[in-house]
Peer 1: 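I have a structure I would like to understand better, so I am pasting it below and will then ask my questions one at a time.
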Amino acid sequence: ILAGSERTQNAQMVFNAVLPLFGTWVGTVLAYFFSRENFESASRSVERMTRQLTPQEKLRSLPVTSAMVPRTQMLVCDDPAGAKLVDLLSQLEGKNVKRLAILDKAGAPLSLVYTGDIVDYLYRLKPGLTESDRASLTVQNLLDETPALKKPFAVVAESSTLADAQEALSRIAEARVVFVTKNGTEKEPVVGMLTSVDIVRKAQA
């Protein structure tokens, strides 16, 4: 049986050995909770800052790819001479699409017409046509006979921001549509399309 002084000495030795481990454990627990609180606090701060961004700052922070309709989801015409207007009009109305992008064989943008333009050409500007004659009319007929129906458009690079797209639109009178290509030139295949309305919605979101 250990004497009282020996028991005290042994207890002191055990305490001295355990104390560093206990301190480390407490430090780890405190670090966990304080770091978690700091992280949550930082996240809330970032969220508040994001909400306080002005519409223009928000547009500068968003890529055009966040608002554009990808090429795979666009309704386009890449054969103006062979594409029948009546058929395209049916597709546009069936998908509730208001704009038809006209591309060349390589996929580069050539022109842009609206659904209403096609209706005007087929039924208002050519009222005396038979149904058979009307069904034979192509996109090329519309482009050749009524160039005024073609709508202006802007082009930006795939790496551009929505602010860049907005600026590109502002440089072209009456332009409301932006085509997106890899490097921002009209000689490249279209990778997507967005409108001025899409840009405004992103700014206000």
Peer 1: Go through the steps for Q166 and Q56 under the test side chain to side chain contact (heavy atoms under 4.5 Å, CB included), then give the verdict.
Peer 2: CA-CA 10 Å; Q166 186 181 59; Q56 197 59 32; 3.1 Å; yes
Peer 1: Could you check whether any side-chain heavy atom of V139 comes within less than 4.5 Å of a side-chain heavy atom of I102, counting everything from C-beta outward?
Peer 2: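 Side-chain contact under 4.5 Å: yes.
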Peer 1: Minimum heavy-atom separation for V177 to L169, with atom names?
Peer 2: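 Here V177 and L169 meet closest at O-CD2, 3.5 Å.
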Peer 1: Is there a donor in the side chain of D133 and an acceptor in the side chain of S136, or the other way round, less than 3.5 Å apart?
Peer 2: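 Absent: no donor and acceptor within the cut-off.
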Peer 1: Do you know which two heavy atoms are closest between A83 and L88, and how far apart they sit?
Peer 2: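 Smallest heavy-atom distance, with atoms named: CB-CD1, 3.8 Å.
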Peer 1: Check P109 against F179 and note the closest heavy-atom contact, atom names and distance.
Peer 2: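 Distance-wise, the nearest heavy atoms are CB-CD1, 3.6 Å.
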Peer 1: Hydrophobic clusters here meaning ILVMFWY residues chained together by side-chain heavy-atom distances under 4.5 Å, can you tell me if L92 and L125 are in one?
Peer 2: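 Same hydrophobic cluster.
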Peer 1: Could you tell me if the side chain of K105 sits less than 4.5 Å from the side chain of D79, heavy atoms only?
Peer 2: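 SC-SC contact between D79 and K105 confirmed.
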Peer 1: Just verifying a value: how many Å separate T146 OG1 and D120 CG, rounded to the nearest 0.5 Å?
Peer 2: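 The distance works out to 9.0 Å.
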Peer 1: Which atom pair, heavy atoms only, marks the closest approach of L162 to S66?
Peer 2: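 So the minimum-distance heavy-atom pair works out to CD1-OG, 4.1 Å.
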Peer 1: For Q204 and V200, what are the C-alpha separation, side-chain angles and deciding distance, and is it a side chain to side chain contact (heavy atoms under 4.5 Å, CB included)?
Peer 2: CA-CA 6 Å; Q204 297 175 345; V200 170; 3.7 Å; yes
Peer 1: Shared ILVMFWY cluster between L75 and Y121, side chains joined below 4.5 angstrom?
Peer 2: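 Both belong to a single hydrophobic cluster.
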Peer 1: Within the structure provided, determine whether L129 and L137 are in side-chain contact (heavy-atom separation under 4.5 Å).
Peer 2: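 In short, these two side chains touch, coming nearer than 4.5 Å.
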Peer 1: Flag the pair R176 / F153 as yes when at least one side-chain heavy-atom distance between them is below 4.5 Å, and no otherwise.
Peer 2: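 A side-chain contact under 4.5 Å is absent here.
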Peer 1: With the side chain counted from C-beta on, respond yes when P63 and T161 share a heavy-atom pair under 4.5 Å apart, and no when they do not.
Peer 2: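 Answer no - side chains too far apart.
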Peer 1: Distance from Q73 atom CD to K95 atom NZ, nearest 0.5 Å?
Peer 2: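 The CD atom of Q73 sits 10.5 Å away from the NZ atom of K95.
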Peer 1: Nearest heavy-atom pair of A173 and P152: which atoms, and what distance?
Peer 2: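 Scanning both residues, the minimum pair turns out to be O-CG, 3.5 Å.
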Peer 1: Are any side-chain N or O atoms of T181 and backbone N or O atoms of G184, one a donor and one an acceptor, separated by less than 3.5 Å?
Peer 2: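 Present.
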Peer 1: Where do L122 and V86 land on the side chain to side chain contact (heavy atoms under 4.5 Å, CB included) test, with the steps shown first?
Peer 2: CA-CA 8 Å; L122 289 176; V86 171; 4.1 Å; yes
Peer 1: If hydrophobic clusters are built by linking Ile, Leu, Val, Met, Phe, Trp and Tyr wherever their side-chain heavy atoms come under 4.5 Å apart, do V156 and L112 end up in the same one?
Peer 2: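 Different clusters: V156 never reaches L112 through Ile, Leu, Val, Met, Phe, Trp or Tyr contacts under 4.5 Å.
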Peer 1: Any heavy-atom pair between the side chains of V190 and L103 that's under 4.5 Å?
Peer 2: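 Counting from C-beta outward, L103 and V190 do come under 4.5 Å.
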Peer 1: Report the distance from atom CG of L85 to atom NZ of K126, rounding to the nearest 0.5 Å.
Peer 2: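 The CG atom of L85 sits 10.5 Å away from the NZ atom of K126.
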Peer 1: Step by step, work out the salt bridge (charged side-chain N to carboxylate O under 4.0 Å, His left out) result for D117 and K151.
Peer 2: CA-CA 10 Å; D117 300 330; K151 296 297 186 290; 2.8 Å; yes
Peer 1: Below 4.5 Å, heavy atoms only, C-beta onward: do L110 and L143 meet side chain to side chain?
Peer 2: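 A side-chain contact under 4.5 Å is absent here.
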Peer 1: I need the K98 NZ to E93 CD distance, nearest 0.5 Å.
Peer 2: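 Reported value, rounded in 0.5 Å steps: 12.0 Å.
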Peer 1: Could you tell me whether a side-chain N or O of D87 sits under 3.5 Å from a main-chain N or O of K84, the two making a donor and an acceptor?
Peer 2: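 No, D87 side chain to K84 backbone: no donor-acceptor pair under 3.5 Å.
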Peer 1: What pair of heavy atoms forms the shortest contact from I199 to A165, and how long is it?
Peer 2: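 I199 and A165 have their closest heavy atoms at CD1-CB, 3.9 Å.
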Peer 1: Given the rule that I, L, V, M, F, W and Y join up when any side-chain heavy atoms are under 4.5 Å apart, are I172 and M193 in one cluster?
Peer 2: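 In one cluster: no.
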Peer 1: Under 4.5 Å between side-chain heavy atoms, counting indirect links through other Ile/Leu/Val/Met/Phe/Trp/Tyr residues: same cluster for V155 and V64 or not?
Peer 2: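 Result: no, two separate clusters.
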Peer 1: Quick check on side-chain hydrogen bond (donor to acceptor under 3.5 Å, both in side chains): which of E188, K182, K187 does T185 satisfy it with?
Peer 2: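 One option only clears the test, and that one is E188.
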Peer 1: At what distance, to the nearest 0.5 angstrom, does OH of Y114 lie from CZ of R99?
Peer 2: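 Here the rounded value is 5.0 Å.
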Peer 1: How long is the straight-line distance from SG of C77 back to CG of L142, given to the nearest 0.5 Å?
Peer 2: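 The CG atom of L142 sits 10.5 Å away from the SG atom of C77.
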Peer 1: Checking side chain to side chain contact (heavy atoms under 4.5 Å, CB included) for the pair D104/D78: CA distance, chi angles, key distance, verdict?
Peer 2: CA-CA 5 Å; D104 65 17; D78 58 6; over 6 Å; no
Peer 1: Side chains of T65 and V180, heavy atoms from C-beta outward: is any pair under 4.5 Å?
Peer 2: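 Side-chain contact under 4.5 Å: no.
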